[in-house]
Every structure is written in C-alpha cells, then in structure tokens.
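Notes follow the structure.
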Amino acid sequence: MEIIETTARLTEAVADARRRGLTIGLVPTMGALHAGHISLVERARRECDFVIVSIFVNPTQFNNPDDLRTYPRTPAADCDLLRAAGVDVAFTPTAEEIYPEPDTRVFDLGPVAEVMEGAMRPGHFNGVAQIVSKLFALARPHRAYFGEKDFQQIAVIRRMAELEGFDDLEIVDCPICREADGLAMSSRNVRLSAEQRAIAPRIHAILESSVASRAEGVSPADTAAAVLDSLAGVEGFKPEYYQIVDANTLQPLDAWPEGRDAVGCVTVWLGDVRLIDNIKYPAK
C-alpha cells in the first residue's frame, strides 16, 4: 500500500491506474477507522481493481469548533488496518494540501440539504460537498462508497455529483454496520464513557421498535412523536430531532408514501457526543 500525502502524487497514481484500464474505487473517510469503514473497503476491493481510501478530517464541514478539535485521529492505526485490507492507496493530505486557498464555492444542494442535519448544522453539507467534490476530481473513481448511517449525506453527495457533472461515477450506498448490541458503528463512539456506552444501544432499540407502526396504521407524525418521547425518557439522552422522511426526497412525511420506503433519522446527544442513526420503514 502506498501512503500518499500530496495531490500531485495522487494525480500521478490515478493516471497510471487509468492508463492500465483499472477500475478505481474510492472510500472517503475522516479516519479513526472501525469495522464499518473496513466493510466499505472490502466491498470496494471486491468490485474494483484499484482502491483508494482517503483519511482527512475536513474542517469546512464542522460548524462546531469543539467537535473538530475533539474528533478522534488515529492515523498510524488507520494505515495498519488499510494495509491489512488490501488497499492500494491511502491518501492522507494535510488541510493546507487540500485547501491551499480558501474554498469559497457554494453549492445549490436543494431540499435534501435543508432538513434535519442541514437545518441543525448550517454550512455542514456545503463543506461536505466541497471536500467530496475535490476527492472525486483527484481520485477520478468509477465507484465511490458511503455508509448508510449518514443517510442524508449520501443524498447530498448524489446531488453534488449531478451538479458537478460526475456522470460516469457510481455512488454506492452500503448498509449500516452495528455493534453486537445494535449501536451504529461510529468513530465518535470511542468518546463515550462506559456508562454512556452502556445506554447508547437504546437508540437503535427504540427506533427498531417503532417500525411496526407503519403496518399498524399509525401516522408518521405520531410515530415520530412516540419515538422522541421514548428517547427523552432515557436518562442521559438529549434527542435533537427525529424525523420520518421520504427515502428519495428526504422531505418530512404527512402520510406513508404509497409503494415507497420511508426512513426515520435521529440525532441524540449523549453528554457532549452527538450520535446519529436511522431506520427504514419498508413499504411492505
């Protein structure tokens, strides 16, 4: 595995892979890798000839300076994991390498970026679009892999790819990876205390218990209200939002969409750690 720190060297490696007719897979990450990330890498390895994993804590997508400061960083351990997973290139640039000049681009991301995380974290998705568009331009992947834990982010990236003309790029969404007790894998989980970690799986349990509401004829609004009440009833939880949205448009639902899945998206604060998760309400 080659560890690349500069955009110039990455451009050379990608050009060489393209000349050899290799299919390029990209897995963008912010590091602090866990089994969920490695599942994306393994899928990319199965489906592509040349796999690039980026490790970059992108400052433009953090609207909370403390969150940026405390985001876990484990570069040496990350590279060991990627080497063992058979990655061809680990791209580990500095912020100065990615942003030699301030990125002032503003993306017209539309309604998918205006709800939930977009409403709670102003500027966050524009920052995501900035870094992912740069990575797409540098890595020139045929496929890019993202985890469904960040369900809304995938919709935003699809919109950005459409705006920027990445027409020959397949964006591959991959299922959430969970711990044995149901907690969605996240780099932020390492910041949980033992007591917080013990109750964190209740988030998924509460979401999962609500899925039957659709078949029982309970409205999306009443289902969401019941989920929020249950979350608020767990000592230590501070739910920020729970919204049930159309799986395609990400807009809040007044009624269950005929023949289409709905998705419930949640953010819960546990101390100073902000956890996100989601659950599908299948059409059938």
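Hydrogens, waters and symmetry mates play no part in the numbers below; they use all other heavy atoms, side chains included. Small disclaimer: the values here were computed from a predicted structure and weren't measured.
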Exercise. Is the backbone of K280 close enough, under 3.5 Å, to the side chain of D261 for a donor and an acceptor to pair up by distance?
Worked result: no

For this session: May I have the step-by-step check of side chain to side chain contact (heavy atoms under 4.5 Å, CB included) for L135 and L26, ending in yes or no?
Result: CA-CA 9 Å; L135 292 172; L26 172 67; 4.2 Å; yes

For this session: Can you sort out the partners of R202 under salt bridge (charged side-chain N to carboxylate O under 4.0 Å, His left out), two or more places apart, ordered by chain and number?
Result: none

Exercise. If you look at every heavy atom in M185 and G36, which pair is closest and at what distance?
Worked result: SD-N, 3.4 Å

Problem set entry | Residues S210 and Y281: side-chain donor-acceptor under 3.5 angstrom | yes

Exercise. Which ring pair (Phe, Tyr, Trp, His ring centres under 6.0 Å) pairs, counting each pair once, include a residue from residues 172-193, with sequence neighbours left out?
Worked result: none

Problem set entry | Test salt bridge (charged side-chain N to carboxylate O under 4.0 Å, His left out) applied to E12 - qualifying residues, sequence neighbours left out | R9

Exercise. Does the side chain of C79 come within less than 4.5 Å of I3's, by heavy atoms?
Worked result: yes

Exercise. With a 4.5 Å heavy-atom cut-off, do I279 and E208 have their side chains touching?
Worked result: yes

For this session: Output yes when a side-chain donor or acceptor of R18 lies under 3.5 Å from a complementary backbone atom of R140, and no otherwise.
Result: yes

Exercise. Is a salt bridge present between D49 and R20, judged by a nitrogen-to-oxygen distance below 4.0 Å?
Worked result: no

Problem set entry | Pairwise side-chain contact, S133 with R105, heavy-atom cut-off 4.5 Å (strictly under) | yes

Problem set entry | T74: partners by side chain to side chain donor-acceptor pair (under 3.5 Å), with sequence neighbours left out | D78

Seminar exercise, completed: Separation between CD1 (I98) and CZ (F56), nearest 0.5 Å, reads 5.0 Å

Exercise. Between V245 and V211, is there a shared hydrophobic cluster once you connect ILVMFWY residues whose side-chain heavy atoms come closer than 4.5 Å?
Worked result: no

Seminar exercise, completed: Contacts satisfying side-chain hydrogen bond (donor to acceptor under 3.5 Å, both in side chains) that involve residues 151-165 (not counting sequence neighbours) are R158-D173

For this session: Mind jotting down which residue pairs meet the salt bridge (Lys or Arg N to Asp or Glu O under 4.0 Å) criterion with at least one end in residues 223-249? Sequence neighbours excluded, please.
Result: E240-R274, D246-R260

Exercise. Hey, quick one: are I157 and F91 part of the same hydrophobic cluster, counting side-chain heavy atoms closer than 4.5 Å, chains of contacts allowed?
Worked result: yes

Seminar exercise, completed: For G31 and I55, the nearest pair of non-hydrogen atoms, with its separation, is CA-CG2, 3.7 Å

Exercise. Is L275 linked to L33 within one hydrophobic cluster, defined over Ile, Leu, Val, Met, Phe, Trp and Tyr using a side-chain heavy-atom separation of less than 4.5 Å?
Worked result: no

Problem set entry | Residue pairs fulfilling ring pair (Phe, Tyr, Trp, His ring centres under 6.0 Å) with at least one residue in residues 30-54, sequence neighbours excluded | H34-H37

Exercise. Taking side chain as C-beta onward, heavy atoms only, is V227 less than 4.5 Å from L207?
Worked result: yes

Exercise. Is D88 reaching over with its side chain to a backbone N or O of V51, donor-acceptor style, under 3.5 angstrom?
Worked result: yes

Exercise. Should N64 and R121 count as side-chain neighbours, where that means a heavy-atom distance under 4.5 Å?
Worked result: no

Seminar exercise, completed: dist W269:CH2 -> L231:CG (nearest 0.5 Å) comes out at 15.5 Å

For this session: Determine the interplanar angle of the F136 and F146 rings, folded into 0 to 90°, and report it as parallel if under 30°, tilted if 30 to 60°, perpendicular if over 60°.
Result: perpendicular

Problem set entry | Atom pair CG (D272) and CG (D66), whose distance is rounded to the nearest 0.5 Å | 8.5 Å

Exercise. Would you call the rings of Y71 and F62 parallel, tilted or perpendicular if under 30° counts as parallel and over 60° as perpendicular?
Worked result: perpendicular

Problem set entry | Residues forming a salt bridge (charged side-chain N to carboxylate O under 4.0 Å, His left out) with D222, sequence neighbours excluded | none

Exercise. Judged by atom type as modelled, is there a donor-acceptor pair below 3.5 Å linking the side chain of H142 to the main-chain atoms of I24?
Worked result: yes

For this session: Without swapping roles, check the side chain of N63 against the backbone of G123 for a donor-acceptor pair under 3.5 Å.
Result: no

For this session: With the side chain counted from C-beta on, respond yes when Q243 and C265 share a heavy-atom pair under 4.5 Å apart, and no when they do not.
Result: no

For this session: Compare all side-chain heavy atoms of E117 with those of Y241 and state whether any distance is below 4.5 angstrom.
Result: yes

For this session: Kindly determine whether H204 and L183 satisfy side chain to side chain contact (heavy atoms under 4.5 Å, CB included), including the steps that lead there.
Result: CA-CA 6 Å; H204 176 61; L183 179 63; over 6 Å; no

Exercise. Cut-off 3.5 Å, side chains only: do E5 and T94 have a donor facing an acceptor?
Worked result: no

Problem set entry | Any side-chain heavy-atom pair of V14 and L138 under 4.5 Å | no

Exercise. Does D80 have any salt bridge (charged side-chain N to carboxylate O under 4.0 Å, His left out) partners at least two apart in sequence or in another chain, and if so, which?
Worked result: R83

For this session: For side chain to side chain contact (heavy atoms under 4.5 Å, CB included), just list the numbers for L10 and I52, CA-CA rounded to whole Å, side-chain angles, deciding distance to a tenth of an Å, and then say yes or no.
Result: CA-CA 9 Å; L10 180 62; I52 301 168; 4.2 Å; yes

For this session: Name all residues meeting the side-chain contact (heavy atoms from CB on, under 4.5 Å) criterion together with I176; count only those two or more places apart in sequence or in a different chain, and write none if there are none.
Result: E148, K149, R178, A184, D277, N278

Seminar exercise, completed: Sequence neighbours excluded, the answer for side-chain contact (heavy atoms from CB on, under 4.5 Å) partners of C174 is L40, R43, Y145, V172

For this session: Check the hydrophobic clustering (I, L, V, M, F, W, Y; side-chain heavy atoms under 4.5 Å; chains of links allowed) and say if L22 and V53 are grouped together.
Result: no

Problem set entry | Donor-acceptor under 3.5 Å (R188 side chain, V273 main chain) | no

For this session: Just jot down the side chain to side chain donor-acceptor pair (under 3.5 Å) partners of E42, sequence neighbours excluded, or say none.
Result: none

For this session: Could you please spell out the steps behind the side chain to side chain contact (heavy atoms under 4.5 Å, CB included) verdict for R214 and T223?
Result: CA-CA 8 Å; R214 179 169 187 170; T223 301; over 6 Å; no

Exercise. Applying the 4.5 Å side-chain criterion to the ILVMFWY set and letting contacts propagate, would F166 and I154 be lumped into a single cluster?
Worked result: yes

